Structures are given as structure tokens and as C-alpha cells.
Amino acid sequence: MKKIQYNLGSQLLLAVAMFVAGMWQPVFAFTYNGLNYSVVSGNTVKVASQGNSTSLSGKIEIPSTVINNGSSYSVTEIEDNAFIECRNITEIVVPETVTTIGGGSFAYCSSLKTLDLGSGVTTIGADLYTGLSALQTVISRNTTPPSIRNWGAVKTSATLYVPASAIDAYKNASIWSYFSKIKELESGFQNIGTIIVGNLVEEITPGLFSNCRELRELKLGSGLTTIGDEAFSGCTALTEVVLPPSVETIGASAFAGNSKLASIIMGHNVKSIGEKAFDLCPAQTVSITAQTPPTAPDNTFSKYTGNLYVQGEDALKAYYNADYCWFQFEGHVMIEPTELKVEGDKKLTGKPGDTFQLTATLYPEDVTLTDIFWRSTNPDIATVDANGLVTLHADISDIMAMAEGDDSQSNSCKIIAESLYANGPVAEIEVTNDTSGIEDVVVSGGEENGEIDFNQPVEVYSINGMRVAASVDGLPAGFYVVRQGKAVKKIVVR
């Protein structure tokens, strides 16, 4: 087997002359985050030889995009012998952009246990798996089995995982019979494009959403305090993450390998960030409102060419003078909000099951961080989602009756709207049983009340203005507006 080797120093740019069609043309090679690349054409590159590297170890995630001298390149190939005899690598993850893997690419990687071929690979060269004595798991996400010139020696106990819809296709492709088992790839969260974490969740456990390659939108609830190690690692389609103001701890490698994650926004309670939390992320903009710089090692980010936005001049000085990684960024001061306005009722009154849509806006309009987070002080009475939709779950009159004599907050409820800013403006909306202006009337079928004759047709509306009935008979408990001609009466049915 012929070995083609390049030994490239860190960030070294080489111009290698190649004779093509009678003309010498340059082939550029460079190093990005520890891996060597060479330009195929235009803005595409291939993973070049790593030179039998002993420094490459553990899990290697090949990015879908690399940057050199300010230019961005898509990684589409892995050349012949690229990782040959890299004996300290235990896992390799190939991005969805790679379509071709050269012969012998991972040969004699004697510690390699897991190989994830990604979803885009269509062609694999000869002897790809020769000498993989530790191989246990191979993942092929492509629903069409890639073509392989020659398999090479594979540990017979290795298991191949493929999409459920493609199991028969892989079994019918004879070259894949080298594996002892072919199993369905458990999708889990793999194919989810949007993940919404509710406001009652306090912790994302380690690795819970790792390698969700389709994840493009992430909404985290306002009760979240801890993001575990590798919780969202390998989410290669995620471009922005906004951590709610409740988050205090971000685990090691929590967002590592997210090769498109360019915008990172953190709130004012973040206190600690683990090793390589944002490793291999572009991190073009990092915004954080914590007034004291969180503890964060120098390898929290793999690049510090982006802009850091902080809240206030004092914070800017603190981050610049921090013993941690923050001083490596170019720092800027945010535009802070002066007001938070909520549209809609300032008091919410209704019956279980009623919903109310609240909308909030920060001012001035050019405030740097416009995100609004909602939470309820008593979810037993009312909950609120990330978009400000409130749902009532209990009649507050019943709650107060049961809690008579109890001065605690358990018998009250407020909906809170807040920003990411430290000491920023906050809005409170009360969930109340205040029925001022609503007559305390128990309605029965034949009872007359004022100008309205309840024996005659009426129009019954919910307190929100929705028409719900043509009679008061059989109405569930709650507040209503009854109209008959020009006569209007507010009633409560108990």
C-alpha cells in the first residue's frame, strides 16, 4: 500500500507545485484545528495525510467547514491514507459534506473503536479498514450503501448500524457482509430539526442531544440551570445558541464540534464553563451578560478571532483582566435595555384550560440582545411557554380557599417576563381571582337578573370575548359576559 505523507506545522501554508495539462498549478495545503487539508478546487478541500500522527488521540470530529486566511472551504473528501497508523485515535466522525473516502484512510488505526461515516459518503476506496483490531462499531447514515472497491480486514465482531429503511439494501450489498451484525440505527433525536426544552426542566443530562446532526433551532426554557458534558456536541447544523438567564453551569464539550455555531449568547448567571465547551465552533460572536467573568479554561473555545460583547464598561474591564480565556477576544460593550413592555392584560383571570397570549418587547429598539424569557412563579396554577402563551391549570379561588391562613406564595401566581441582562427590566403579570366589576351571581335556568331575561335567547361570551353559548344553561364554572339586545351583564358561574 502506497503511503502519501505531508508533515505540516501549525497554521503553515504550503504551495505544492503540480503539473497539470502542461502547466504548473499550485495545490495549497494548510492546518485547521489540528488536521491537515489540501484544496481540491474552488472552495472545497479534502482531509490530507496526517503523517502517522501520534498527537491525534481520542475522538476526532472532522468539521464540515474549515477556514484559512479568511476564506471558508467545504470539506468534501478524505484522501488515501489520510489517517493511516494514527494509533491513538479511538473514534472518528465524518461530516455530512464528505462524499468520498480514499483507500486505506483509517488503516492500522489500532485503537479505533467507532467510525461514523456520516450521511453523504457514496464512494469508499480500497483497504479502508485494514488493521483495525479494536473496531467495534461502524455507522453508515446514508440510505444507499456506499460503493466499496475492496473491504480489507475487519474485526469480525464489529457491528454495522444503518438507517432502518436501508437494512435490506445493506444486507443485499455483499461487501457489507463482513460485519457480524447489521442493526437499525436508533434515531433518537438524530433527525430532529427543532428542540424545545420546557420551562420546568432544570438540567440537560450529559450527552442527551449529542450528534443531532439535523438540529437547526434550539429553544431552552427559563428553568434550566445546568447543561451537562457533551449535551449538544456534534450538532453540526446548529448556527446559534441562546442560553436563558437561569443557566449557571455549562459542562465540558457541551457544544463541541458544532462546526456552524457562530453566535453564542449567555445570560447573567453563568458561573462556570467546562473544558472545550465550544471547541471547533466558529464563535464569530460571543455575548454574555454575567458581570463577573465565568471560570473558563483557555481551551473553552478553539478560536478567539470573534467579537465578545459584554454588559457595561466595568464588565469589559473585568473580562479583559480575567485570568481565564476571555481576554483573548476583542471586547465590545452592549446596548442595554431601558424598558420591557408587555402587550395584553396585566391581570389574567379565567378558568382551568383558558389560555392567554402575551407579547413583550425590549426598548430601545436597537438593544443588543432582544430575547425575552418567560416563567411562572406557581406552575400549579398557571404555566407559560417560551413564546408567552399562558395556560391556566387551577381555579385560583379554589387554591386560595384550600390555603386559607397560609401567607406563603403557594396561593398566588405571577407570570414573569425578563431579559438576559443583569438587573435588566422585568415585567410581572398577575394571575388573579379579582372579579371587581363582575357580579357574583349564581345563574339558574329561570332566574331573572336585571334587564336580561334568561328565559329568552342570549349571547354568552367568554371573558376573552369569544362567543361560547346561546344560553346560560349548563355553563361550566367561570366568568362570562351575557348580552341580550343592548343589555350586557358580567356573571360568574360557580
Side-chain angles (χ1 to χ4, degrees), residues 47 59-65 74-78 82-83 89-103 105-106 109 112-126 128-129 132 134-152 154-196 207-218 230-239 256-260:
V47 181
K59 183 177 181 180
I60 302 297
E61 295 191 61
I62 301 171
S64 58
T65 303
S74 178
V75 182
T76 59
E77 300 179 29
I78 299 174
F83 292 93
I89 296 176
T90 59
E91 181 177 357
I92 292 179
V93 179
V94 177
E96 69 278 1
T97 54
V98 169
T99 59
T100 302
I101 297 177
S105 295
F106 311 114
C109 291
L112 186 63
K113 295 180 180 179
T114 302
L115 176 59
D116 188 336
L117 296 173
S119 60
V121 173
T122 59
T123 304
I124 299 175
L128 180 69
Y129 300 102
L132 300 188
L135 189 65
Q136 298 174 358
T137 302
V138 174
I139 301 171
S140 181
R141 301 176 186 275
N142 196 333
T143 54
T144 301
S147 62
I148 303 174
R149 271 183 56 196
N150 177 36
W151 193 263
V154 181
K155 183 180 179 181
T156 56
S157 63
T159 300
L160 172 66
Y161 290 87
V162 300
S165 61
I167 286 182
D168 290 339
Y170 277 84
K171 287 182 177 179
N172 293 332
S174 59
I175 198 69
W176 297 91
S177 63
Y178 280 82
F179 288 96
S180 62
K181 298 176 183 177
I182 296 182
K183 291 185 175 182
E184 175 183 343
L185 177 62
E186 297 181 6
S187 58
F189 300 102
Q190 301 291 322
N191 298 318
I192 293 180
T194 300
I195 291 176
I196 300 175
L208 181 60
F209 299 108
S210 63
N211 295 318
C212 293
R213 299 178 188 278
E214 299 298 322
L215 179 60
R216 288 173 170 79
E217 184 179 16
L218 176 62
E230 301 184 15
F232 295 96
S233 64
C235 298
T236 52
L238 193 62
T239 59
N258 294 358
S259 53
K260 294 181 181 178

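Worth knowing before you read on, the calculation uses all heavy atoms, side chains too, and leaves out hydrogens, waters and symmetry mates. If you're wondering where the values come from, they're calculated on a predicted model, not measured in any experiment.
Listed for the Asn258 side chain is no donor-acceptor partner under 3.5 Å among the backbone atoms of Thr236.
Partner Leu117 forms a side-chain contact (heavy atoms from CB on, under 4.5 Å) with one of Ile139, Ile124, Val98 and no other, that one being Ile124.
Rounding to the nearest 0.5 Å gives a distance of 7.0 Å between OG1 of Thr90 and NZ of Lys113. We find the OG1-OH distance between Thr143 and Tyr170 to be 7.0 Å, quoted to the nearest 0.5 Å. Interatomic distance, Ile101 CD1 to Leu115 CG, rounded to the nearest 0.5 Å: 6.5 Å. Between atom CD1 of residue Ile78 and atom CZ of residue Phe83 there is a gap of 6.0 Å, rounded to the nearest 0.5 Å. Considering CD of Glu77 and OG1 of Thr97, their distance stands at 11.0 Å, rounded to 0.5 Å. Remark: Gln136 CD to Leu112 CG distance equals 10.0 Å, nearest 0.5 Å.
For the residue pair Leu215 and Cys235, the shortest heavy atom distance occurs at CD2-SG, 4.0 Å. Minimum interatomic distance between Ser210 and Glu230 (heavy atoms only, all atoms of both residues): CB-O, 3.4 Å.
Applying the salt bridge (Lys or Arg N to Asp or Glu O under 4.0 Å) definition to pairs two or more places apart or across chains, those involving residues 114-123 are Asp116-Arg141, Asp116-Arg213.
Contacts of Lys59 classified as salt bridge (charged side-chain N to carboxylate O under 4.0 Å, His left out), with partners at least two apart in sequence or in another chain: Glu61. Qualifying side-chain contact (heavy atoms from CB on, under 4.5 Å) partners for Thr114, counting only residues two or more places apart in sequence or in other chains: Glu91, Thr137.
No side-chain heavy atom of Thr65 sits less than 4.5 Å from a side-chain heavy atom of Ser259.
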- Check the pair Leu160, Ser140 against side-chain contact (heavy atoms from CB on, under 4.5 Å), reporting the backbone distance first and the verdict last. CA-CA 7 Å; Leu160 172 66; Ser140 181; 4.3 Å; yes
- For Thr144 and Thr122, what are the C-alpha separation, side-chain angles and deciding distance, and is it a side-chain contact (heavy atoms from CB on, under 4.5 Å)? CA-CA 8 Å; Thr144 301; Thr122 59; over 6 Å; no
